[in-house]
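Below you'll find the structure, written out as structure tokens, and then a few comments.
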Amino acid sequence: MKKLLLVACLIVCLFHTCAAAGPLEYDVVVVGGGGAGLVAATAAAEQGASVIVLEKMSYLGGNTIRSGGVINAVNPELQKAQGIEDSTDLHFKHTYEGGDNKANPELVRTLVEGALPALQRALDRGLKIYPEITTATGALWPRTHRLVEPAGTGWIRVYSESAAKAGVEIRKDTKVVSLLREEPLAGRVYGVKAVDKAGNELEIHARRGVVMASGGFGADVKLRMQHNPTLGPDTPTTNHPGATGEGIIMSQDIGAAVTGMDFIQIHPHGDPKLGDLTGRASDFVQKYIYVNIEGKRFVNEAERRDVQVAGIIAQPETRMFIINDQNGVSDPNIFGDHLDELLAADRVQKGDTLAELAEKIGVPAAALEATVARYNELVKQGKDVDFGRPENTLQQTIETPPFYATPRVPTVHHTMGGLVINKEAQVIDRRGEVIPGLFAAGEVTGGIHGTNRLGGNAITDINVFGWIAGTNAAK
Ligand code: ADP
């Protein structure tokens, strides 16, 4: 009898062990706990789906949390109060033409029309913004909203809280290594394979859908050089170390199509030592100019990012300074940096006169004085006949001391290319067919920004397409 009991126990134990080691099952599996992933997870869970987010790093937020956090949306209520005329047609035109007409117009239309509802969704969930509308670097029009919380932290706080409230499970230190599809290049995507920190292999099945939200590949030197050989190991980047693009590759492995992989955005505002965007004395293009090491302006500071960067690359030593006066200071700036800390760390220089500032940064004083005087004259005339800066960024002179200089260099920022999706955020295969069960959103996708992304449009992208992907994956 005892023997029989022992055997029975063994069978039960064995059954349990097997069950525990079998695949986990959820309605929706989200790959990546950055902006797009957390938005998608929230959308899916709020519809009642069981959702897991798998994040390979030990932290959430990806590139989103390191960004300026600013979001573009046509928002008549706030824009009208500042006398700004705008429309979704104009946002479409700026986005599409600002990317050299290389985006999928249907996706651009979805982006611009979804922008305000996406902002409203986040406000309803506790996001806080300043009422003043501005123009992000390379945004081409004043429709940018700034967050009260620094950098992209507001987005990650709001959507990790919302996800938790809706019952989403989040596993960090869990790297997705491949997608599971019924046949190698056909049938439904039904889950993922992942590896946890201890090296354990996991299989996680998705009853309804998988959302690929693994971000871009700006931190992967090999992959980015494959698409732009000039971006070698010495080129700085704003990206977090996890932006290595394997989400794109593993989707290609099961048949996904990619587009625009060569379109890699370089940002003109890199910190010379850190490569990131922190540390500037002024956030507002309305309030600063750029000068080269000869103390001369060289580009329209409100131009597309790629044009600004081409401008810097044409200058001696490929570097520049942002120059502003006391009225142009952002303290703290959108990254949460305080001016006194930046001055103490020698990341920003200050002069009571332009000549003193020029000496500190090693540019000829007479040239800097002449450049600023000329710029002030152009502001008063209301027309930048020198570099064509638009009137809505030509409003404030630089003449109230003290004066400030922030050194900046070009830095790898955003990979515009990636997985082909349709406006339902379904991933498309190389034959042009929808891949059942696979959705994607955010920097991992391509076709939304063309050759050049407008500043402030990435946050719009993760919110609009993250929500669509999560909603559709949960169906
Ligand atoms: P997006 O702005 O599109 O949301 P982010 O860079 O903010 O992009 O977020 C992407 C997230 O995906 C990052 O947190 C990154 O670490 C994560 N990630 C990238 N590859 C994997 C992977 N293979 N498995 C799990 N998470 C991943």
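This is a predicted model, so every value here is computed, not measured. Just so you know, ligand 1 is whichever comes first in the structure, and atom 1 is the first atom listed for that ligand.
- With no hydrogens or angles considered, no side-chain donor-acceptor pair links S87 and K93 at under 3.5 Å.
- Atom 12 (O) of ligand 1 has G32 CA, 3.2 Å as its closest protein atom, hydrogens excluded (heavy atom only).
- Among all protein heavy atoms, the one lying closest to atom 4 (O) of ligand 1 is A36 N, 2.8 Å.
- For R188 against E182, the heavy-atom pair with the smallest separation is N-OE1, 2.8 Å.
- The protein atom (non-hydrogen) at minimum distance from atom 14 (O) of ligand 1 is E55 OE1, 2.5 Å.
- Atom 2 (O) of ligand 1 has as its closest protein heavy atom T64 OG1, 2.9 Å.
- Remark: the T278 side chain and the D276 side chain contain an N/O donor-acceptor pair separated by less than 3.5 Å.
- Scanning the protein heavy atoms around atom 22 (C) of ligand 1, the nearest turns out to be E246 OE2, 3.6 Å.
- Scanning the protein for heavy atoms near atom 8 (O) of ligand 1, the closest one is G215 CA, 3.5 Å.
- Heavy atoms from both the backbone and the side chain of N63 come within less than 4.0 Å of ligand 1.
- In terms of protein heavy-atom proximity, atom 3 (O) of ligand 1 is nearest to E443 N, 2.8 Å.
- The nearest non-hydrogen atom to atom 10 (C) of ligand 1, considering only A213, G37, S67, comes from A213.
- Outside the 6.0 Å centre-distance limit, the rings of H414 and H267 are not counted as a close aromatic pair.
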